[in-house]
Each structure stands twice: as C-alpha cells, then as structure tokens.
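Worksheet: the structure to be examined is printed underneath.
Protein chains get the first letters and strands the later ones, always in sequence-line order, with residue 1 at the start of each.
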Number of protein chains: 2
Amino acid sequence: MKEVLDKYITYYKQLVPEATPKELSFMCEGACIKTYPKKSFFLKAGEVQPAMGFVYEGLLRRYYINEKGNTITTGFIPENNYAADYPAFIKQKASKYFIECLEASVLVELPYNKIQESYQKFQNTERYGRLIAEYVLTLQTNRTESFLFENAEERYLNFIAENQNLMHRISLTHLSSYLGIERQSLSRIRKKLTRE
Amino acid sequence: MKEVLDKYITYYKQLVPEATPKELSFMCEGACIKTYPKKSFFLKAGEVQPAMGFVYEGLLRRYYINEKGNTITTGFIPENNYAADYPAFIKQKASKYFIECLEASVLVELPYNKIQESYQKFQNTERYGRLIAEYVLTLQTNRTESFLFENAEERYLNFIAENQNLMHRISLTHLSSYLGIERQSLSRIRKKLTRE
DNA sequence: TTTTACCTGTCACTTATGTGACAAAATTAC
DNA sequence: GTAATTTTGTCACATAAGTGACAGGTAAAA
C-alpha cells in the first residue's frame, strides 16, 4: 500500500521536483489503488475513461478492433507508465480502445475530476500535466517517424533494442500488430535474421 | 501589424478564454513579427529552435533528410498553426528537421526564454502550453494510427478530405513523402482513382 | 490427465509498394 | 522569350508485405 503510493509520488516528483506537500497529499487522497487480474480490462471501447491509471506493477496492452475485425495493438504499458487513451481522456469522450491486462496488474487511479480540480488549485499540477503531455507527444512523434523512416525489419530491431525487458512478456502476435505488420511477416523477418 | 498580433491573441484566447490582460500584453511584448520569403528557412537541421513561430500567413513544410539521403516531409504548417519541432524545442536540443517556407510567410515568434518566464509568472500560460501539447499529441496520435489502420490509398483520400484548402498549395512530391510512400506510388494511386 | 484454445512457423500465391529510367509538362531563372 | 530546372506521369521490373491454409507446439481449462 505505502510502496504503491510511494512509487506514484516518486514519479510525480521526478517530473516536478518543486512539488509541495499540499499537492502531493491532494494527489494521494484523491487516488485509489486497484488490482486487475490477468485478461481483465482497464478500459473498453465505447467507454469514457474515468481515471488516469499509473501502473505500479504488471503489464497492459492497448488495442483497437477495426471495421474489418482486425485487432491492432497500439501500445504496451509496463510499470511506471500511465495507462490511458490520452486524446479521448482529455476530452472525456468515448474511447475506441481496449486496454487489457496481459499480466495481473496494480494501478493507482486518479479520477478526471480530481485532475481538473488540481489544475485549479495548484500551479505545479498543471505543469505536471504539461510535462506528461509533452513526454507522450515525444514518444508518439518517434513512433510516427518509425513508420516513415524505417521498414518492418528496422522497426522490429529497434523495438527489441529499446524493450529488451518486454520481449519475453509479450506474444509475437501482439508485437506484430504493434509494428504494423502481419504475424507471418514478422515470422519471416525473424527467420531471415537468424539466417544472417 | 495590429492584425497580425490580433490573430495571435485570438488563437491564445480560444484555448484560454480566462486569459488576463497582463499575460496577453506579456505575450505580445515578448513576441516579434518576422517575414520569410519563399524557400527560406524558419529552422535548419542541427540548429536549436530559438522561438515558437505562430503562422499568421503563408505555408511551411517540415522535413527530414535521412541517412540514405531521402527527403521525408513530416508536416505542413498553414496559417493559424505553430511551426515547431516540439520534442526538440521543449528540451532546447538541436533539431534534425528543416522547416522551409513553401510560400512567403509571416510569423509571430515568441522566444523560448519568454515562454519559460511566462510559465513562472502566470498560471494560464502553463495551461496554454499544456493545451497546445495535448492538441499536438492528438494530431500525432491520429497520424500514427493512419499508418497502422490505413493503406496508402486511404491515407491519401483522408488527406484530401481533411485538407482541401492545402491540396492546390503543395506538390505531389511533398505530399507523397508525407504519406510515407514514393511519388510513383502516389501517381499510381491517383491514376487508379480516376479510372474508378 | 485430457481436452481445448491459442500461439507459432511455414508454405504458396497474390497484391502493394519501391526502384530506376525516361519523356512530357509546368515552373522558374536569366 | 528562351533556357534551365523542377515536377509529374508512366513503364518494367524487383522486393516487401498481405492472405489463407495447415501442422506442430504450448499453455490454460476441465
């Protein structure tokens, strides 16, 4: 319990070192800790995401099912990251994503209203919000560029290099859809790489 | 001169309706208006972007030259948008992008230091920064998804639908590299579409 | 333990996209 | 207005990736 909030607070302080005790306690009092079993959902398509979810422990996957019925993974969310569909959460609109637990997970959840309230009360939390948005924006930009600048094989190699810790926790099927290719293509790439 | 700042302020107020006269005058006093001829650069690869550039008039293009020497367009920036390499600007790191004027352009520029200063002085500007970051994040997310969910033809059709006003202002070559395909492929797609 | 569901590797075939080359058209510079 | 440059459309061919199918492997459920 205490360690869980500690990790959450540590992450906050990392981005906003000038954080005051007042806002930290506000962040903790407003938050609740939830446990999710494997295969359960943090968010389902059609729902409005009620709270930001900081992953204390576990691994989640964000995916989308398109008109053709294909399941497309758009992200993996391990410890020390926020589970969210940002664009939809910001506007409190229904999401088209599922966020599912690949492993049993523990999240610290801060409801939308509490976040808005904190923006009114404390200048630092507004900064926290800005820094998170800027951070996610940077990640997203890198991802877009990976599609423009790299082919499937390069995207795969970069993913391994940057996510060694995740490799053994996710399936090939999920990874291929994250990389924007078919499972068979990823299989083909791996085969080619082992030959080289 | 006055209209230029008016447009810039109107944009600000749109995002932050609660803006105070104080912060508005701070934003104006710190800003300067610059004119760029066609083909000139707002930013060059290797430079640190010194200021955010609000486009009052004109059209710019952000592009990147990769190791293979290919030029890849990552965005078009028309009136009422900010010209920037966000991730690099935020951290004041050297950019790898060129931002070039496709048309003669007029920009309102607010230096990095002024922005940081305003974050200290006024709570609202921090909000402005957050909202801009969230807005750009949403755009970026949509763009990433377009690569995952759509094929080249669909990306092209969506681009036309959402940017009728830009279509006649940009070249096919630039558009194809923005869509992540070769010029010939775009040509092929257009040919196929006219047949249908 | 057995059954079931899911995951993975592989194949043959199809389709989409990249590549290099060339000429016509449009734009720009002189 | 003419020459130089850039942009565009097109082709033939090469490569990359998608598709549907099937079998073996692995992990979860009964």
Self-check item: Under 3.5 Å: donor-acceptor pair, side chain of B/Q49, backbone of B/D85
Solution: yes
Practice problem: Rounded off to whole Å, could you give me the CZ-to-P distance for the B/R155 and C/dA16 pair? | Solution: 14 Å
Quiz item: Quick one: B/L186 CG to C/dA16 P, roughly how many Å, whole number?
Solution: 15 Å
Self-check item: Rounded distance in Å - CG (A/N70) to C1' (D/dG20)
Solution: 13 Å
Quiz item: To 10°, what angle do the rotation axes through the five end pairs on each side of the helix from C/dT1-D/dA30 to C/dC30-D/dG1 form?
Solution: 60°
Self-check item: Interatomic distance, A/R169 CZ vs D/dA27 P [rounded to whole Å]
Solution: 17 Å
Quiz item: Rounded to whole angstroms, how far apart are CD on B/E150 and P on D/dA17?
Solution: 19 Å
Self-check item: B/R127/B/E18 ion pair, N-O < 4.0 Å
Solution: yes
Exercise. Please check if any side-chain donor atom of A/R62 sits under 3.5 Å from a side-chain acceptor atom of A/T74, or the reverse.
Key: yes
Quiz item: For B/Q184, does its backbone N or O pair with a side-chain atom of B/S187 as donor and acceptor, under 3.5 Å?
Solution: no
Quiz item: Are the charged groups of A/E79 and A/K7 less than 4.0 angstrom apart, N to O?
Solution: no
Practice problem: Please work out which of the three classes, parallel, tilted or perpendicular, describes the rings of A/F122 and A/F26, given edges at 30° and 60°. | Solution: perpendicular
Quiz item: Are more than 12 heavy atoms from other residues, nucleotides or ligands located less than 6.0 Å from atom OH of B/Y135?
Solution: no
Exercise. Round to a whole Å and report the spacing from OH of B/Y156 to P of C/dT17.
Key: 14 Å
Self-check item: Salt-bridge contact A/R155-A/E150 (side-chain N to carboxylate O under 4.0 Å)
Solution: no
Quiz item: What is the distance, rounded to the nearest whole Å, between atom CD1 of A/I181 and atom C1' of D/dT19?
Solution: 14 Å
Quiz prompt | A/K13, NZ: over 12 other non-hydrogen atoms inside 6.0 angstrom | solution = no
Quiz prompt | Distance test, side-chain N/O of B/K192 to OP1/OP2 of C/dA16, below 4.0 Å | solution = no
Practice problem: For each nucleotide in nucleotides 5-15 of chain D, reading 5' to 3', give B when a protein heavy atom comes within less than 4.0 Å of its base, S when such contact involves only the sugar-phosphate, and - otherwise. | Solution: ---BBBB----
Quiz item: What is the distance from CD of A/E153 to C1' of C/dG18, rounded to the nearest Å?
Solution: 16 Å
